[in-house]
Engineer: 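The following block contains the structure, expressed as structure tokens.
So you know, we letter chains A, B, ... as the sequences are listed, proteins then strands, and number each from 1.
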Amino acid sequence: MVFLDLLENIRSKTTSILESQNYTPINFSVESAKPGFGDITCNVSFLLSKQLKKSPQEISIELSKLYEFNDLPQIKNVKPHPSGYLNFEIDYTKFNNIVMSSSIKENYGSLDLGNNEKIVVEHTSVNPNKALHVGHIRNVILGDVISKILKKCNFDVKVLNYVDDSGLQIADIIVGFKYSGFSQDPPNNEKFDHYCGDTVYVKTTEKYETDKQLEEKRHEILKQIEDSSSDISKMAQMITRRVLDEQLKTVWNLGVFYDCLNFESQIIHSKLWEKIFEKLKSDNQIKYEDSGDNAGCWVIPAEGEDDKILVRSNGVATYIAKDIPYAAWKLRLVDDPFSYKVFTTQKNSQTLYETTLDVVDNDIDKQDFFGNKVITVIDNRQIRLQKIVSGLMAKFKEDGAYTHLGYESVTLSADTVKSLGLTTDGDSTQMSGRKGLYVNADTVLETLTKRVYNESKSRNEDLSDSEIDQIAKTVAVGTIRYEMIKPDLDKIITFDLKTSLRLEGDTCSYIQYSYARAARILEKTQTKPNFDSGSELLSSNFEKNLIKKIAMFDVQVNDSVKNLSPKVIARYSYDLSVAFSSFYEHVKVLASETPELLNARLCLVISFQKTLKSALGLLGIDAPERM
RNA sequence: GGGUUCGUAGCUCAGCAUGGAUAGAGCGAGUGCUUGCGGAGCAUUAGGCCGGGGGUUCGAAUCCCUUCGGAUCCGCCA
């Protein structure tokens with residue numbers, strides 16, 4: 001820890017001073033200052049003003065005299081500002097070395113907030129009847145980044161993907177295959193998930209409007225899917241796994257991997273629900289209605305809202321009755337009914353497990369994919385149901401054990417809808433799988449990769465096609481990820497094929513470019529950087545700004561994990577790149593006046609590179625040496 | 001109708017959790033910068049009653065209330 005330590009140190013000094021003066025303790029802030037107001041700032045004088053019946057300015061003047069920095073050489077002084085703030089100035093001749101030598105360590109920016117506590121992150125969870133579209137990608141990327149940030153903070157993270165392989169959407173494509181004459185072999189070797197979603201699903205649901213008999217079939221099919229002994233169920237298993245295989249290829253291309261797949265069909269057959277139902281009853285978490293609209297139903301009482309029906313008067317459980325046992329399973333509130341087997345080895349060579357109800361001979365891995373805490377990434381349209389689930393879990397475990405990480409959806413811009421050959425009245429439109437109104441993730445990645453390929457080829461004529469290809473993938477994946485992470489969770493992303501995939505300005509390629517520029521400097525020198533001396537020579541504002549940004553990494557990681565806010569790291573990466581780009585433009589490293597200065601600057605460039613690389617790593621974005 | 005949420009520059013968004021000093025970026029518009037480590041860049045100019053109104057406070061983009069506008073959820077569907 002570098003900057004967090006510094007802030008904490010100043011905070012405790014300030015607290016001691018307050019104690020020594022017998023002031024009532026208060027909750028003040030110590031944080032990085034805006035440019036022009038020192039380096040670190042503290043607002044304690046404002047808060048003492050009432051208590052002491054003095055102006056903040058007077059208090060600042062008095063307090064500023066009481067600080068001692070003998071044990072904190074990287075702080076030069078503290079000055080009372082006329083506004084009332086206490087502004088601390090960093091002594092960069094000392095600070096530089098602390099920051100730069102820390103930054104080259106492997107675990108720079110890591111924090112031990114989790115103490116290796118088990119935590120589960122569930123994301124993706126797309127029905128296996130279609131290909132992933134850009135809306136799903138927001139979920140996938142957010143979940144992936146959250147899991148990486150948690151790992152950075154020493155949580156023991158397991159990543160799950162819930163495969164809803166037995167709902168109506170699955171029934172729809174089975175109806176398509178069984179009754180509408182769609183072949184199970186897609187024409188022209190089309191990717192199977194695209195074929196199922198773009199053709200079978202869309203066309204079949206379209207037919208329901210004119211063919212009511214067909215629509216009745218879907219409910220028959222749905223019932224049979226849930227009966228594991230039926231042929232339809234076996235067919236559904238086969239089809240959904242084929243789709244799932246293709247969906248996994250998509251997310252792997254985006255650099256996303258899981259620990260375990262959970263199948264809804266297995267949750268249903270595991271009898272988990274029955275156990276939880278009993279538990280809910282015995283704990284009085286649900287009630288049976290004798291009269292009224294919901295007579296004969298078991299309901300979950302909800303404060304300030306309508307009660308949620310859990311079991312219908314005919315004894316059949318509703319949709320939410322699938323989410324509750326799964327949530328309870330993730331928190332291990334119930335005994336684990338599953339065995340585990342290897343599903344596949346992923347593109348990054350990480351093993352992907354799946355749950356199974358089959359008896360596994362050699363109980364190879366009684367895996368422990370559960371957590372003391374669970375984070376479920378689902379878009380905000382499900383916030384109501386998720387509140388009910390987290391409310392119940394809080395009663396069984398503790399407050400906050402189950403966290404719903406919600407986010408706003410991705411819509412399509414009017415231009416993009418038009419480019420799909422469809423019309424819209426508004427500025428943007430919700431995507432719809434049923435209507436075929438969406439942009440597939442694979443398509444976006446391919447389009448973007450091609451564009452980057454051409455761009456990169458024109459700039460790097462000496463590189464081979466396979467090298468350019470690698471760069472194109474790195475930049476394309478980074479661009480998509482960055483666009484999904486950058487906006488706040490509660491902001492709608494209006495996806496536009498043109499503007500969302502820009503490569504200039506506040507984009508991933510800007511950030512990656514700054515890394516590549518740094519690489520070119522290092523490539524062109526014979527000097528072997530020595531971090532042991534000379535860092536005090538870095539004294540220009542460009543250098544100091546960059547060092548301060550590098551130092552702030554831990555503050556940002558802390559902020560990001562405490563608020564479950566991936567975008568904090570995205571902004572940090574950008575800010576860090578901006579600081580470097582400015583430095584790069586104004587400080588000619590290779591033309592440094594003395595060998596000592598050259599060495600110090602080279603070290604700074606390395607420091608920058610290492611820090612940016614690990615920040616980008618948290619976002620799942622690679623840093624290219626060239627592009 | 002009820003719940004949740006968003007509203008900041010022409011456009012897209014930071015800042016809001018924990019109120020404080022000059023409200024920041026990018027795109028777009030204007031002007032410069034390449035015999036300099038890669039111009040996917042740098043520098044610079046213009047552009048804001050932080051949706052409106054009220055309140056709390058010494059102090060509000062930030063907290064509270066209200067109002068307007070947009071989004072979204074609200075089935076014995078999944």
Engineer: Between A:S166 and A:R626, which has a closest nucleotide on RNA chain B that is more 5'?
Structural biologist: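 Looking at the nearest nucleotide for each, A:R626 comes out on the 5' side.
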Engineer: Of the options B:A14, B:A78, B:G41, whose atoms approach the side-chain atoms of A:R571 most closely?
Structural biologist: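 Minimum distance to the A:R571 side chain belongs to B:A14.
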Engineer: Pick the P atom in B:U12 and in B:G7, then give their distance to the nearest Å.
Structural biologist: 12 Å
Engineer: Round to the nearest Å and state the distance from A:F46 atom CZ to B:A60 atom P.
Structural biologist: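 About 13 Å, once rounded to whole Å.
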Engineer: Mind calculating the distance between CZ (A:F580) and C1' (B:G38) to the nearest angstrom?
Structural biologist: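 After rounding, the reported distance stands at 11 Å.
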Engineer: Less than 3.5 Å between a donor and an acceptor, one on the side chain of A:R384 and one on the base of B:C73, is that the case here?
Structural biologist: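 Side chain to base: pair found, below 3.5 Å.
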Engineer: Could you tell me whether the phosphate oxygens of B:G70, OP1 or OP2, come under 4.0 Å of any side-chain nitrogen or oxygen in A:K491?
Structural biologist: no
Engineer: Rounding to a whole Å, what distance do you find between A:I59:CD1 and B:G20:C1'?
Structural biologist: 13 Å
Engineer: Could you state the atom-to-atom distance from CG of A:D323 to P of B:A78 in whole Å?
Structural biologist: 12 Å
Engineer: Looking at A:Y319, I'd like to know whether one of its side-chain N or O atoms comes within less than 4.0 Å of OP1 or OP2 on B:A78.
Structural biologist: no
Engineer: With a 3.5 Å limit on both atom pairs, tell me what B:G7 is paired to, counting Watson-Crick and G-U wobble, or say none.
Structural biologist: B:C68
Engineer: Starting at CZ of A:F37 and ending at P of B:G20, how long is that distance when rounded to a whole Å?
Structural biologist: 13 Å
Engineer: Go ahead and name the base partner of B:G47; Watson-Crick or wobble counts if both distances stay under 3.5 Å, otherwise write none.
Structural biologist: none
Engineer: Considering only atom C1', compute the distance from B:G19 to B:C58 and round it to an integer number of Å.
Structural biologist: 12 Å
Engineer: My understanding is that a pair needs two contacts under 3.5 Å, Watson-Crick or G-U wobble. By that rule, which nucleotide pairs with B:G1?
Structural biologist: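 Answer to the pairing question: B:C74, which forms a Watson-Crick or G-U pair with B:G1.
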Engineer: Tell me which nucleotide, if any, is Watson-Crick or G-U wobble paired with B:G41 when both distances must be under 3.5 Å.
Structural biologist: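 Partner of B:G41: B:C33.
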Engineer: Let me know the distance between CD1 of A:I493 and P of B:A71, rounded to the nearest Å.
Structural biologist: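 So the CD1-P distance, A:I493 to B:A71, works out to 18 Å.
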Engineer: Taking B:A60 as the reference, what is the distance to B:C64 when you measure between their P atoms (whole Å, please)?
Structural biologist: 16 Å
Engineer: Quick check for you: among B:C73, B:A14, B:G20, whose closest atom lies nearest to any side-chain atom of A:R381?
Structural biologist: B:C73
Engineer: What is the base-pairing partner of B:A17, counting Watson-Crick and G-U wobble geometry with both distances under 3.5 Å?
Structural biologist: none
Engineer: What is the distance, to the nearest angstrom, from the CD1 atom on A:I383 to the P atom on B:C6?
Structural biologist: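 Roughly 10 Å, once rounded to whole Å.
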Engineer: Classify A:N460 by what it touches in the nucleic acid, base, sugar-phosphate, or nothing, heavy-atom distance under 4.0 Å.
Structural biologist: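 The answer is base, as A:N460 lies within the cut-off (heavy atoms under 4.0 Å) of a base atom.
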Engineer: For a quick check of understanding: with a heavy-atom distance under 4.0 Å over all strands, which category does A:Y85 fall into, base, sugar-phosphate or nothing?
Structural biologist: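 Since a base atom lies under 4.0 Å of A:Y85, the category is base.
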Engineer: With P as the reference atom in both, quote the distance from B:C33 to B:C16 in angstrom, rounded to an integer.
Structural biologist: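 One P to the other, the span is 39 Å.
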Engineer: Do A:F3 and A:F553 come close enough that some side-chain heavy atom pair is under 4.5 Å?
Structural biologist: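 With C-beta onward as the side chain, the pair stays apart.
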Engineer: Is any side-chain nitrogen or oxygen of A:R459 closer than 4.0 Å to OP1 or OP2 of B:A40?
Structural biologist: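 Yes, within the criterion.
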Engineer: Check every strand shown and say whether A:S582 touches a base, only sugar-phosphate, or nothing at a heavy-atom separation below 4.0 Å.
Structural biologist: sugar-phosphate
Engineer: When you measure from the side chain of A:S125 to the backbone of A:Y162, do you find a donor-acceptor pair of N or O atoms at a distance under 3.5 Å?
Structural biologist: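 Looks like yes, one N/O pair under 3.5 Å.
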Engineer: Counting distance only, does the side-chain N/O of A:T494 pair as donor-acceptor with the main-chain N or O of A:L412 below 3.5 Å?
Structural biologist: no
Engineer: Could you state the atom-to-atom distance from OH of A:Y201 to P of B:A78 in whole Å?
Structural biologist: 14 Å
Engineer: Taking the six-membered ring of A:F580, is the NZ or CZ of A:R517 close enough (under 6.0 Å from the centre) and on axis enough (within 45°)?
Structural biologist: no
Engineer: Determine whether the aromatic ring of A:Y584 stacks with the base of B:C37, defined as ring centroids separated by less than 5.5 Å and ring planes inclined by less than 30°.
Structural biologist: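 Given the distance and angle limits, yes, they stack.
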Engineer: Can you tell whether the side chains of A:E215 and A:K212 come within less than 4.0 Å, N to carboxylate O?
Structural biologist: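 Salt bridge between A:E215 and A:K212, a charged N being under 4.0 Å from a carboxylate O: yes.
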